[in-house]
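Below is one structure, written out as structure tokens; the observations come after it.
Ligands are counted one by one from 1 in listed order, and the atoms in each one are counted from 1 as well. The shown structure was predicted, so the numbers you read here are calculated from the model rather than taken from an experiment. Just so you know, these numbers use all the heavy atoms, side chains as well, and skip hydrogens, waters and symmetry mates.
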Amino acid sequence: MDKVLAYLESQNDRFVASLCDYIRFPSVSAQPVHSADMRACAEWLVNYCKRIGLKTRLCPTKGNPVVVATTRKSGPKKTTSKKRKPHFLVYGHYDVQPAEPFDLWTTKPFEPVIRGSSLFGRGASDNKGQHLAHLNAVEAYLATGTELPCDLTFVVEGEEEVGSNNLENFLKANRKELQCDAVIISDTGMPAIDKPALTYALRGIVAVEVRLSGPSRDLHSGIYGGTVDNPAMVLCQLLAKLRDKNGKITVPGFYDEVEELSDFERNQFKKLKLNEADYRKHLGVEKLFGEKGYTPVEQRSARPTVEINGLTSGYQGIGSKTIVPALASAKLTFRLVPNQEPKKIIQQIDSYLRKLCPPTVKLTVEDGHYGEPYLVSPEGKYAQAALRTLRKAFGHEPVVMREGGSIPIVTQFKKILGADTLLLGLALPDDNAHSPNEKFDLRCFANGMKMGALLWPELVG
Ligand code: BES
Ligand code: ZN
């Protein structure tokens, strides 16, 4: 192991340079103009994996291709003998969120720059830097001729940020090859540089787009206003009815399956000690808002929410324009917690909006991507091994936590491959995931590589 760790240290500068190369691809999965960039980025990754010595292929899907890279020399062994090496899957995503609004970036999103201990660029921590750390750790094993105690297969997809719609079929089609003892993902966060974390729950999500259409074209608001309904106004009225002043979602049936938090868990949450003043400052708000009766830690990791992600209607350019707009639309997401079923929730949202919508406008609710909530015990043997690894790699006591973000494919790993997932995140709270000026702390990168090296012997035991 000393050799492996020494190798990682000696190659650190090159690893950082490679991460910069990786970030230069504007692999924005949400925007069709970037489809060639997606492919180029995936091909870069294929070459990266091949150079390390992994058997690598680019697998087409109906959407962006999936990179599969393995340490196995041949296919999965049929033998059930005790000599079978354990097999672990490492998952990541090479797609990134849109970088807009560009003018709020200090330096360009796809031209990575190091400032202080951080590397700035879209995708630096979400998720290019995090899975590259694992790949580099494996490189260190292979380059130093150190035997891995297990087989490893990397699955790096290009559609996580848009809901992983094609990955489920990919997993089904490659079930045999991907069958594994556990999945390891570094795509979550850690509370601070000296607080490594094992995340044992993620929220689920459903995304819907609500569209209202009124008159057949934008109308002069002086000539027609007062006789025709305004889709933008109706949209505001509808959206305002989705949540009450106590932060409760008003969609009938929405909370029916929500599992209440146990006293044990609420006590655990208290230990995470979020400093409210610092938190407010970090977010730039004077006062927090959240569901009454729950602490901020609970509200953002273990309670369901609704968010408006984007609103569109009428004239948005410079100066004024006097119209009744023909159209209004909103992109909504609901975060879900254990036992809430995305499909059922979409139904509930749809019927509620239909009931509320007046006959003066036409409503369409288009359902987008969705993912189920995930929860696994942090007490299993792999989770314990992961905690030992974090302790060694970071030199600090790890925390165990739930997080509010979503990784839609995680529940499919369980359903299709029968494997639980260990979430070992390397992103810091101020890494600006999905925001302008995303960054990755290079100390987390280095510690992440160390973690990636120490993990395998620890898991195999
Ligand atoms: N890395 C995040 C997920 C995450 C972030 C989990 C922080 C826990 C803490 C991931 O890339 C992500 O952003 N997922 C999307 C999924 C969605 C588009 C289906 C999300 O959570 O918004
Ligand atoms: Zn993300």
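Judged purely by distance below 3.5 Å, without hydrogens or angles, the side chains of Q97 and E161 pair a donor atom with an acceptor atom. Under 3.5 Å, the side chains of S164 and H369 contain no donor-acceptor pair of N or O atoms. A donor-acceptor contact closer than 3.5 angstrom is absent between the side chains of H282 and D430. In this model, a donor atom of one side chain and an acceptor atom of the other lie less than 3.5 Å apart for T153 and H87. Remark: the Q31 side chain and the E100 side chain contain an N/O donor-acceptor pair separated by less than 3.5 Å. Side chain to side chain, S117 and D441 meet the donor-acceptor criterion of an N or O pair below 3.5 Å.
When the heavy-atom distances from atom 6 (C) of ligand 1 to G405, G371, S186 are ranked, the shortest goes to G405. For the residues E403, H369, R402, the heavy atom positioned nearest atom 7 (C) of ligand 1 is part of E403. Of the listed options D126, T188, I407, T188 places a heavy atom closest to atom 8 (C) of ligand 1.
Distances under 2.8 Å from the Zn ion (ligand 2) pick out the protein N/O/S atoms D126 OD2, E161 OE1, E161 OE2, H434 NE2.
Between E307 and F334 there is no side-chain heavy-atom pair separated by less than 4.5 Å. At a threshold of 4.5 Å between non-hydrogen side-chain atoms, the residues L104 and P101 count as touching.
Contact check on R266 versus E260 returns no salt bridge, with no Lys/Arg side-chain nitrogen under 4.0 Å from an Asp/Glu carboxylate oxygen.
Counting heavy atoms closer than 4.0 Å to ligand 1, residue R335 contributes side-chain atoms (C-beta onward) but none from N, CA, C or O. Of the heavy atoms in E161, both backbone and side-chain atoms come closer than 4.0 Å to ligand 1. With a 4.0 Å heavy-atom cut-off, ligand 1 is reached by the side chain of P408 but not by its N, CA, C or O.
Of the protein's non-hydrogen atoms, D187 O, 3.9 Å is the one closest to atom 5 (C) of ligand 1. Counting only heavy atoms of the protein, atom 16 (C) of ligand 1 lies nearest to S406 O, 3.4 Å.
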- Derivation and outcome, side-chain hydrogen bond (donor to acceptor under 3.5 Å, both in side chains), residues T71 and K55: CA-CA 6 Å; T71 58; K55 209 168 107 199; over 6 Å; no
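Using a 4.0 Å cutoff on heavy atoms, H93 counts as a contact of ligand 1.
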